[in-house]
Number of protein chains: 2
Amino acid sequence: MRLVARGRGGSRAELARLSGMAPSSVSLRVEELIEAGLLREDGEGASRGGRRPRRLRLHEEAGVVVAADVGTHHVRMSVMDLAGRVVYSHELPGEVADGPEVVTERLRQYAYMTLDQAEVKHLPLLGLGVGMPGPVDPATTRIVAPSRMPGWNEYPVGERLAELMDVRVMVENDANLMAVGEHRNGWPGCENLMAVKVGTGIGCGIIASGRLHRGRGAAGDISHVPVIADTPATCSCGHSDCLEAHASGAALCRTLRTRGFEVEYSRQLVDLVNDGVPEVTTLVRGAGRLAGQVLTPLVNFFNPDVLVLGGGLSAAEPFVAAVRAAIYERCLPLATRGLEIATAVTGRDACMLGAGSLILDEVLASDWVDETLASR
Amino acid sequence: MRLVARGRGGSRAELARLSGMAPSSVSLRVEELIEAGLLREDGEGASRGGRRPRRLRLHEEAGVVVAADVGTHHVRMSVMDLAGRVVYSHELPGEVADGPEVVTERLRQYAYMTLDQAEVKHLPLLGLGVGMPGPVDPATTRIVAPSRMPGWNEYPVGERLAELMDVRVMVENDANLMAVGEHRNGWPGCENLMAVKVGTGIGCGIIASGRLHRGRGAAGDISHVPVIADTPATCSCGHSDCLEAHASGAALCRTLRTRGFEVEYSRQLVDLVNDGVPEVTTLVRGAGRLAGQVLTPLVNFFNPDVLVLGGGLSAAEPFVAAVRAAIYERCLPLATRGLEIATAVTGRDACMLGAGSLILDEVLASDWVDETLASR
DNA sequence: CCAGCTTCATTCGAAATCGAAGATAGCGGC
DNA sequence: GCCGCTATCTTCGATTTCGAATGAAGCTGG
């Protein structure tokens with residue numbers, strides 16, 4: 001099931017190769033799963049010189065999951081089928097600063113609303129995946145020590161939502177989800193990937209050996225690395241000259257407001273850059289240079305196949321160019337040889353798609369599969 | 001076999017738990033392996049409230065491997081049994097700068113000499129694991145772009161040794177091996193570990209999710225990260241103010257020689273520190289501070305359970321103290337919470353033990369096991 | 001000292017898995 | 001259009017693995 005879900009096992013023969021099981025055993029299992037309504041055949045694939053494979057896919061009527069990306073000022077939400085295909089998706093308003101009680105209740109309402117609009121009320125809801133703009137302890141699904149989320153510390157988002165909606169819930173940091181989303185949807189076969197999200201805040205998700213690297217739960221924090229900047233700035237963490245205090249969307253907006261611009265959101269920054277306002281472009285390019293300065297040692301150290309740039313600021317071409325330049329200038333040839341530096345293939349959907357992928361993994365590894373098999 | 005070799009499966013019941021197989025199946029397999037002379041029973045373990053487990057271990061007469069740690073100025077070599085226990089070990093002279101032809105031939109002679117002295121000539125030699133002080137392409141077992149190993153670029157060490165000695169050969173970078181050695185021998189159960197080796201050069205090995213992280217082959221390079229230092233220094237890589245140009249044993253020795261000290265090796269540096277020579281102590285402490293400065297963002301990013309300090313300079317207490325101080329001062333609480341910073345548990349043997357572990361993994365995963373089983 | 005509990009290891013019939021051979025099906029060259 | 005090649009999928013007997021029950025051995029506490 002997992003292999004088919006990840007799009008890696010498209011036929012019985014391929015499943016046999018990937019799983020290491022005998023073709024005969026795979027056929028038997030697949031037969032069972034088809035009878036239980038979990039898998040279905042989906043026409044024939046291209047021949048590789050012999051008989052054409054009979055493509056397999058997860059049955060889209062078997063159930064759905066809801067994936068949500070909670071941003072600082074909005075919520076992006078979608079319904080996905082078991083294969084991770086987006087059935088319906090939209091963006092809704094909502095400030096994360098409204099606090100945990102309000103936001104969890106809002107998520108519940110949004111979820112049912114989204115299911116309604118997706119016209120899948122007759123299918124079982126198997127799980128909910130949520131991305132949050134702050135550190136999440138994967139063990140407890142609690143938010144820990146968030147910098148831009150007052151009132152959220154130690155709040156058990158996952159448990160609350162599971163109670164409210166009576167479904168399996170997965171909660172994860174948004175940068176981590178972006179990494180997962182890009183890895184699954186944009187870079188098949190890539191083993192090691194870094195995804196840097198520069199929006200209101202700055203975060204980084206890490207895929208090591210094809211799996212999300214969480215470390216002790218806080219991995220990927222790059223926002224409080226000291227940078228060499230022209231002007232001093234104090235960060236919310238108490239230290240001075242953190243990357244986040246200089247190069248985040250929030251920091252840039254703050255700077256521009258002192259100069260008389262009316263900017264509130266990162267998106268407005270990008271608009272100003274696209275309008276060709278020189279002062280803003282210079283500022284954004286500077287932010288990119290600082291981000292590159294921080295990323296250089298990390299790229300040398302981690303030596304990824306792909307570096308994905310996402311989040312609001314990645315839509316500004318000067319920002320991306322400055323990051324690229326900084327990395328190619330100072331990284332070792334051995335580290336940049338074959339390194340891809342790209343903006344998010346799935347754009348603003350990356351986090352949401354990642355949330356869907358992870359909750360689908362959980363659902364497909366859960367008892368639900370066995371129970372469904374047994375009940376038919 | 002692998003589980004027993006790693007010391008994780010000490011009894012049939014434990015193997016069943018760890019492997020997920022049924023106890024009965026495990027018993028059958030173990031019986032076979034014992035009959036083939038690969039495993040043996042080793043008395044009884046401590047009771048956990050019920051019947052005492054019958055301890056299992058790899059049969060020490062089944063074969064041996066040779067593990068070598070090629071340093072800049074010496075070679076450390078040992079004979080290990082299948083369980084990774086060191087049967088015999090010693091340090092021999094030899095400059096890596098003598099070039100690849102000389103060194104490979106020397107390694108061959110040393111290996112046979114070591115086997116002789118270990119008195120295991122009657123046991124089959126199953127593999128040779130070699131650590132080199134430079135980057136190794138794991139796919140081809142070639143040295144790539146080494147900085148302190150003139151003449152070694154693209155030299156196929158592994159292939160040459162395999163030809164010369166007609167055994168399976170594994171070649172890996174020394175810092176990577178240190179990480180493996182410490183992980184297997186000092187930190188059981190630890191998932192994520194960084195091992196920093198500061199000797200003549202500077203390197204870092206990474207264990208992610210319990211496995212050696214190689215990235216695209218060059219992961220763990222921290223030596224060419226720019227640092228903020230008092231005096232300028234140009235590195236062999238062409239950039240200025242690399243960590244290696246300021247804090248490596250070679251760099252410190254160079255500085256001290258300009259000040260009239262007669263120092264050639266890192267070991268002499270440590271002697272001077274232990275003798276309480278203030279000028280040297282200050283220099284070494286400064287090197288530690290710079291290393292800490294570079295490691296701080298990496299610890300935030302990777303968020304390991306353990307940071308191991310090894311290599312010659314780690315024997316100097318002021319160096320270690322300075323690294324610790326720098327990391328605790330500037331790292332996020334979330335990253336240092338529960339972080340262990342320790343000097344190598346296995347000391348100067350770490351790389352050699354890691355080389356043994358990796359070649360043993362290869363041997364135990366190879367056809368040799370099946371062939372031995374079939375032939376009895 | 002013995003009953004009750006726990007853990008470790010083996011036995012043996014039931015069930016799952018394998019693997020070799022065969023059936024199915026398309027490609028490509030002559 | 002036919003034959004050989006390749007690849008996919010299925011069939012079916014042989015083998016492996018499972019799992020529940022059983023035996024083995026030791027701890028605990030009255």
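Computation of the quantities below employed the complete heavy-atom set of this structure, encompassing side-chain atoms and omitting hydrogens, waters and symmetry-equivalent molecules. Letters A, B, ... are given to chains in the order of the sequence lines, protein chains preceding strands, and every chain is numbered from 1.
Remark: B:Glu44 pairs with B:Arg52 by the salt bridge (charged side-chain N to carboxylate O under 4.0 Å, His left out) rule, at least two apart or across chains. Partners of B:Glu154 according to the salt bridge (charged side-chain N to carboxylate O under 4.0 Å, His left out) rule, which considers only residues two or more places apart in sequence or in another chain, are B:Arg142. With sequence neighbours excluded, no residue forms a ring-ring contact (aromatic ring centres under 6.0 Å, His included) with A:His183. Residues satisfying the salt bridge (charged side-chain N to carboxylate O under 4.0 Å, His left out) criterion with B:Arg85, sequence neighbours excluded, are B:Asp81.
Using a 4.0 Å heavy-atom criterion, one finds that B:Arg55 contacts no nucleic acid atom at all.
Few gaps surround CZ on B:Arg17; more than 12 heavy atoms of other groups in view lie less than 6.0 Å from it.
Applying side chain to side chain contact (heavy atoms under 4.5 Å, CB included) to B:Ile207 and the options B:Val180, B:Asn192, B:Asn176, B:Val306 leaves one that passes, B:Val180.
What separates CG of B:Leu15 from P of D:dT17 is a distance of 14 Å, to the nearest Å. One interatomic measurement links the two molecules: CD of A:Glu31 to C1' of D:dC9, which rounds to 11 Å at whole-angstrom precision. Atom pair B:Arg48:CZ and C:dC5:C1' shows a separation of 15 Å (rounding to whole Å applied). One atom, CG of A:Asp370, and another, C1' of C:dA16, lie 15 Å apart when rounded to the nearest Å. One atom, CZ of A:Arg54, and another, P of D:dA7, lie 19 Å apart when rounded to the nearest Å. Put simply, CD on A:Glu32 is 14 Å from P on D:dT10, counting in whole angstrom units. A:Leu373 has its CG atom 12 Å from the P atom of C:dA16, to the nearest Å.
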Candidate pair A:Leu128 and A:Arg168, rule side chain to side chain contact (heavy atoms under 4.5 Å, CB included), full reasoning: CA-CA 6 Å; A:Leu128 171 66; A:Arg168 211 179 309 273; over 6 Å; no

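Axis angle between the ends of the helix from C:dC1-D:dG30 to C:dC30-D:dG1, five pairs each and rounded to 10 degrees, works out to 20°.
With salt bridges taken as basic N to acidic carboxylate O contacts below 4.0 Å, none links A:Glu191 and B:Arg214. Salt bridge annotation for A:Arg12-A:Glu41: present, with a cationic side-chain nitrogen under 4.0 angstrom from a carboxylate oxygen.
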Under 4.0 Å protein heavy-atom contact, by nucleotide of nucleotides 17-30 of chain C - B base, S sugar-phosphate only: SBB----BBBS---

